[in-house]
Amino acid sequence: MWQPRRPGSWRFGIAAFAMFMSACGGGIYVGGYWDYDDWPPDVSIAVNPGSAAPGQQVALVAAASDADSGVDVVMFFRIESGGGITRLATDCCSPYEWTTTVPASATGSVRYFARAFDFAGNVADSAPVTVTVLP
């Protein structure tokens with residue numbers, strides 16, 4: 001007696017056909033476009049003014065872009081005289097900017113850089129900028 005096929009049983013047929021084709025050297029191409037982003041964002045930083053006394057404020061402005069997945073956040077850092085880094089701020093919206101104060105203990109110069117993250121998790125650091133510390 002004839003019985004109707006169950007709904008969805010065609011999926012088993014396609015899977016069986018694909019396994020058969022791959023086992024005998026054939027193959028099935030499933031087309032598609034996957035946009036994989038493995039490129040870090042571009043980031044640069046500028047500071048204004050370029051020289052300041054301890055306790056004065058300087059404005060940090062970063063330019064960040066990422067053609068693949070877009071920029072998620074930009075973080076601003078100060079490079080300490082001993083080589084360590086201090087995170088100053090995180091900005092999630094363009095224009096990426098932060099105003100900070102030159103540390104009271106600073107002598108000679110203070111360096112800052114920006115770190116950009118894209119939505120795919122790639123990271124890039126800017127070249128550092130230097131603020132000359134006035135006496």
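Just so you know, these numbers use all the heavy atoms, side chains as well, and skip hydrogens, waters and symmetry mates.
- The shortest heavy-atom contact between Cys92 and Val73 is CB-CG1, 3.9 Å.
- From Arg78, atom CZ reaches atom OG1 of Thr100 across 6.0 Å, with rounding to the nearest 0.5 Å.
- Taking each heavy atom of Val43 and Ala124 in turn, the nearest pair found is CG1-O, 3.6 Å.
- Sorted by first and then second residue, the side chain to side chain donor-acceptor pair (under 3.5 Å) pairs involving residues 122-135 (not counting sequence neighbours) are Asp37-Asn122, Arg115-Asp125, Asp118-Asn122.
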- Derivation and outcome, side chain to side chain contact (heavy atoms under 4.5 Å, CB included), residues Asp68 and Asp38: CA-CA 9 Å; Asp68 297 323; Asp38 60 351; 5.9 Å; no
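- Closest non-hydrogen pair, Pro54 versus Pro103, comes out as CB-O, 3.5 Å.
- Grouping the Ile, Leu, Val, Met, Phe, Trp and Tyr side chains by contacts below 4.5 angstrom, directly or via other members, places Trp98 with Val129.
- Val61 and Phe113 fall into different hydrophobic clusters, where Ile, Leu, Val, Met, Phe, Trp and Tyr are joined by side-chain heavy atoms under 4.5 Å apart, directly or via other members.
- Tyr96 and Met75 sit in two unconnected hydrophobic clusters of ILVMFWY residues. Membership requires side-chain heavy atoms under 4.5 Å apart, directly or through other members.
- Under a hydrophobic-cluster definition in which Ile, Leu, Val, Met, Phe, Trp and Tyr are linked whenever side-chain heavy atoms come within less than 4.5 Å, directly or via other members, Val58 and Ile45 are assigned to the same cluster.
- Here CG of Asp72 is found 8.5 Å from CZ of Phe117. Values are rounded to the nearest 0.5 Å.
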- Message: Please evaluate residues Gln56 and Thr101 with respect to the criterion side-chain hydrogen bond (donor to acceptor under 3.5 Å, both in side chains), reporting the C-alpha separation (whole Å), side-chain torsions for both, the decisive distance (0.1 Å), and the verdict.
- Response: CA-CA 5 Å; Gln56 286 186 320; Thr101 303; over 6 Å; no
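- In terms of heavy atoms, Gln57 sits closest to Pro49 at O-CD, 4.0 Å.
- Connection of Phe77 to Val131 is not established within any shared hydrophobic cluster, with ILVMFWY side chains joined at heavy-atom distances below 4.5 Å, either directly or through further cluster members.
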